[in-house]
Amino acid sequence: MRSCRDISALVSQELDKKLSLSERLSVGLHVMMCNRCRNFQTQSRFIRKAARRYTDELQSRLDNKS
Amino acid sequence: MNDTLLTEQTLAVQRPVLFRYALLQLRDSELADDAVQETLLAAWQSAAGFEGKAGLRTWLIGILKHKIADHWRRSAREAVAPTFDRTDEGDGEAEEDDYFMSSGHWNGGPKAWADPEAALKQQEFWAIYEVCQNNLPPKMANVFMLRELVGLDADEVCREAGLSDANYWVTMHRARLRLRECLDIRWFNNTKQEQHHA
Ligand SMILES: [Zn+2]
């Protein structure tokens, strides 16, 4: 059984590369039972989404200023 | 893609990435646009200088960096924005231990967030997001921004930031842990400012 520390690291990696089948299974089973890792997973995905939108937000803010 | 074949089209598809890179540093759409334009022009004119080894985007960013440096020199101003080549001092290996107990369980750990999508529509949220992003240690911030804001691939980020594979995973993971915690404290579970959620 992998710890939350290990699972959260895999959750991060999953955003950048394809995990192995056994890693994906571990993550999937773990987040079904663990609220906190599940929250970390959804929130990490949200942070990615926010980060991608940030430059657009920055640009419109800068353009409005001038 | 045939790396040795440079066409206007293969250059043009790199424009958005180059623009975001320039915008984050120059903090001005027009200046950023100019720098990208000059970069693409210079690339087009010196296509022979492209060896295809390091990858097209890495080569273009190399040119763009010079254009940005030229700009700061001309305007005789200090670069205030991220320079993308800083290092973190005293960023200890033990840092992750703030987030986990020795057993490997979360120390505290992520609580649920109410309606994150709604936050994206609020100006106040973006101000907080920016604070949290700026609170990352400089090098960590660079790596995170090159990957998530500029949109480089992981291996391009490693090349730009001079990181090993293993360092990259650790850095990105810590950046997410930190950003998540900061957004949690300052926005999503901030009991002092309930009006945000009204
Ligand atoms: Zn867990």
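Being a predicted model, the structure only gives us computed values, none of them experimental. By convention in this document, chain letters (A, B, ...) are assigned in the order of the sequence lines, proteins followed by strands, and residues within each chain are numbered from 1.
- Residues B/L24 and A/Y54 form a side-chain contact, since some pair of their non-hydrogen atoms from C-beta on lies under 4.5 Å apart.
- Between chain A and the options B/Q123, B/E130, B/E117, B/H105, the largest number of non-hydrogen pairs under 4.5 Å is found for B/E130.
- Only the side chain of A/F46 comes within less than 4.5 Å of a heavy atom of chain B; its backbone N, CA, C and O stay farther away.
- The part of A/E57 that comes within reach of chain B is its side chain, from C-beta onward, which places non-hydrogen atoms under 4.5 angstrom from that chain.
- The shortest distance between side-chain heavy atoms of A/L10 and A/H30 does not fall below 4.5 Å.
- For chain B, the option among A/D56, A/I47, A/D16 with the highest count of heavy-atom pairs below 4.5 Å is A/D16.
- Ranked by heavy-atom pairs under 4.5 Å with chain B, the list A/R38, A/R2, A/K49 is led by A/K49.
- In this structure, chain B has no heavy atom under 4.5 Å from any part of A/I7.
- B/H71 places none of its side-chain heavy atoms less than 4.5 Å from the side chain of B/Q25.
- Cysteines B/C132 and B/C182 have SG atoms closer than 2.5 angstrom.
- Environment of NZ in A/K18: sparse, with no more than 12 heavy atoms of neighbouring residues, nucleotides or ligands closer than 6.0 Å.
- With a 4.5 angstrom heavy-atom cutoff, B/W169 touches chain A only via side-chain atoms.
- B/R176 has its side chain out of reach of A/R45: every pair of non-hydrogen atoms, C-beta onward, lies at least 4.5 Å apart.
- Chosen from B/A175, B/G109, B/P116, B/A32, the residue pairing most often with chain A at heavy-atom distances under 4.5 Å is B/P116.
- Of the listed residues (A/C37, A/S12, A/S3), the greatest number of heavy-atom pairs within a distance under 4.5 Å of chain B belongs to A/S12.
- Two residues are said to be in side-chain contact when any heavy atoms from C-beta on lie closer than 4.5 Å; A/L58 and B/R27 meet this criterion.
- No other option in A/R52, A/R53, A/R48 has as many heavy-atom pairs under 4.5 Å with chain B as A/R48.
- Note: B/G108 leads B/G151, B/S103, B/A154, B/G108 in heavy-atom pairs under 4.5 Å with chain A.
- Side-chain contact check for B/M172 versus B/R147: some heavy-atom pair is nearer than 4.5 Å.
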